[in-house]
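Have a look at the structure below before the remarks.
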2 protein chains.
Amino acid sequence: MSNILRQQIERIVSLTDEEYAFVLSHFTSKKFKKHQIIIREGEYVHNDYFLLSGLMKSSHINPEGREHIIQFAMQDWWITDPQAYHNETKATLQVDCLEDSETLFITLENREKLCREMQKMEYFFRKKTTAGYIALQRRILCLISSTAKERYENLLTQYPGLFQRVPKSLIASYLGVTRETLSRLANNN
Amino acid sequence: MSNILRQQIERIVSLTDEEYAFVLSHFTSKKFKKHQIIIREGEYVHNDYFLLSGLMKSSHINPEGREHIIQFAMQDWWITDPQAYHNETKATLQVDCLEDSETLFITLENREKLCREMQKMEYFFRKKTTAGYIALQRRILCLISSTAKERYENLLTQYPGLFQRVPKSLIASYLGVTRETLSRLANNN
DNA sequence: GGGCAAAAAGGACATTTATCACGAAAATGA
DNA sequence: TCATTTTCGTGATAAATGTCCTTTTTGCCC
């Protein structure tokens, strides 16, 4: 069974089996294939996806067709277009699969219902979002204060596995440099 | 009276006078002078500050003494070192005043107590943090996908008033460029 | 297994940005 | 008010990064 979700929640609040069953009843499981697009720009975003396995990315594609990667998500991570999901507006980001992936997703409606009916879960989501906020602040600091090389080495030490799973061009896109520049940094020129 | 805080909360949840009085009882008011340092690197961070007036910044100062600005906060904004505050660890950021400022601050203890005792407020903080998360994602996208000039123009249209209130060198630090580069961008070279 | 498309590497050159240096203008504080 | 910082702009040069291109390698699909 997929108690990865339960483990993540229980790192923040403890749950009885009954409580977890109730939580889980608000989720739906769904599998996706590599290259499948989960969220398309311009469409409404109904779900927030929790990854049980696989790998996805969220990205913005600018008018010239260049893609900029905002986030990679692997096992135990959440991914969606948060702006569109939480504000019920149309997506400006795209989310797609870099590998076959298994997910549990929750609609906004179910998330809010769950938070209303079970304060523990409202607490969980508050803490989880706070941790996310902190992580994004650190990424911003890295982007404004570090050189491309430092950002590259930083990512390499933080997520060494990522480099075996995704093409370098996507790593470059995440770091905010071109793939040529990344190639030079990686080869120490 | 300072009902700026109440207004911000009521944009998300409605409160009776009694409820607001209860909320407010968890805050302490404090004024600061320009140049005063509110949070020092290496010290524990007890408070999250809500600005009633004035202007502050949070920044990281690297070993070479270079400052990188993570956030400006003006009226109606919150500021702290979130990582140190929420995790009860020592500050890695500095928060200081760019103008004389009036604040309402809340300790982590009071914040958690308030959330426990009043689910409305847990809802408020969850929504507020979510909105903050979304804003940071957009800033990250801007940093990895836009040129320095675009980032400058973006900030200029979003916060035109800021340019009259803070030195350009700090704007540059926020945008992740040197003050010389910013000066040239602003004068269209 | 073979063919094809994607990915990676690298060269040559253009552009952007950082660095260092200096002087003028503006703001600040005694 | 006056002296002292701070701020701002600008030039010259170096370093970093982007752009465009070709070649090689890899890996995937039928």
Side-chain angles (χ1 to χ4, degrees), chain A residues 32-37 54-55 57 59 61-69 72 96-101 142-156 161-189, chain B residues 32-37 54-55 57 59 61-69 72 96-101 142-156 161-189:
Chain A
F32 298 96
K33 292 268 171 211
K34 182 170 177 170
H35 294 133
Q36 204 173 341
I37 296 177
L55 186 60
K57 65 175 159 66
S59 60
I61 296 159
N62 73 11
E64 293 90 53
R66 287 177 195 270
E67 179 181 37
H68 296 278
I69 294 178
F72 292 109
D96 60 339
C97 288
L98 299 172
E99 299 175 358
D100 292 358
S101 302
C142 186
L143 283 168
I144 63 177
S145 70
S146 302
T147 64
K149 176 153 206 171
E150 290 165 339
R151 297 203 299 277
Y152 165 73
E153 284 163 355
N154 198 38
L155 186 67
L156 192 60
L162 202 62
F163 291 72
Q164 272 66 57
R165 293 171 78 179
V166 313
K168 302 267 172 72
S169 59
L170 298 185
I171 303 275
S173 169
Y174 177 86
L175 291 172
V177 296
T178 60
R179 78 193 159 70
E180 291 92 337
T181 297
L182 182 68
S183 171
R184 289 178 192 119
L185 296 177
N187 297 307
N188 232 337
N189 311 334
Chain B
F32 297 96
K33 292 269 172 212
K34 183 170 177 171
H35 294 135
Q36 205 173 340
I37 297 176
L55 187 60
K57 65 174 159 66
S59 60
I61 296 160
N62 73 11
E64 294 91 51
R66 287 175 195 269
E67 179 181 35
H68 296 279
I69 295 179
F72 292 109
D96 62 339
C97 287
L98 298 172
E99 298 175 0
D100 292 357
S101 302
C142 187
L143 284 167
I144 63 177
S145 70
S146 302
T147 64
K149 177 153 206 170
E150 288 167 338
R151 297 202 299 277
Y152 165 74
E153 283 163 355
N154 198 37
L155 186 66
L156 191 60
L162 202 61
F163 291 71
Q164 273 65 58
R165 293 172 77 180
V166 313
K168 304 269 172 70
S169 59
L170 298 186
I171 304 275
S173 168
Y174 178 86
L175 292 173
V177 295
T178 61
R179 77 186 170 76
E180 292 93 332
T181 297
L182 181 69
S183 171
R184 289 176 186 118
L185 295 177
N187 296 306
N188 231 337
N189 312 334

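Chain A is the first sequence line, chain B the second, and so forth, proteins listed ahead of strands; every chain is numbered from 1.
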- Here the pair of heavy atoms bringing A:S101 nearest to A:G54 is OG-CA, 3.5 Å

So which protein N/O to nucleotides 24-30 of chain D N/O distances come out below 3.5 Å?
none

- Quick one: pull up CG in B:L162 and OH in B:Y174 and give me the separation to the nearest 0.5 Å. 8.5 Å

- Tell me: CG of B:D100 to C1' of C:dT28, nearest whole Å? 14 Å

- Note on the structure: Between NZ of B:K33 and C1' of C:dG29 the distance, given in whole Å, is 14 Å

- Using modelled atom types only, decide if a donor and an acceptor are shared between the side chain of A:E150 and the backbone of A:T147 within a distance under 3.5 Å. yes

- B:S59 vs B:E67 side-chain heavy atoms within contact, under 4.5 Å: yes

- Task: Side-chain contact test, heavy atoms from C-beta onward, threshold under 4.5 Å: evaluate it for A:D100 versus A:F32 and give yes or no.
- Result: no

- Message: Output the rounded distance in Å from CD1 (B:I171) to P (D:dT6).
- Response: 19 Å

- Are any non-hydrogen side-chain atoms of B:R151 and B:L143 less than 4.5 angstrom apart? yes

- Check the distance between D:dG18's P and A:E64's CD and give it to me in whole angstrom. 15 Å

- Message: Name the residue from A:K57, A:K33, A:R165 that meets the salt bridge (charged side-chain N to carboxylate O under 4.0 Å, His left out) definition with A:E99.
- Response: A:R165

- Could you encode protein contacts along nucleotides 16-26 of chain C as a string, one character per nucleotide from 5' to 3', using B for base contact, S for sugar-phosphate-only contact and - for no contact, with a heavy-atom cut-off of under 4.0 Å? -SSBB------

- Item | Test item: A:K34 and A:L98 side chains (from C-beta on) under 4.5 Å apart, heavy atoms | no

- Query: In whole angstrom, what separates A:F163's CZ from C:dA8's P?
  - Reply: 11 Å

- Check the distance between C:dA7's C1' and A:L170's CG and give it to me in whole angstrom. 10 Å

- Message: Please report the distance, rounded to the nearest Å, between OH in A:Y152 and P in D:dT17.
- Response: 14 Å

- Task: Check the distance between C:dA27's P and B:E99's CD and give it to me in whole angstrom.
- Result: 14 Å

- Please report the shortest heavy-atom distance between A:F72 and A:L170, naming the atom on each side. CZ-O, 3.8 Å

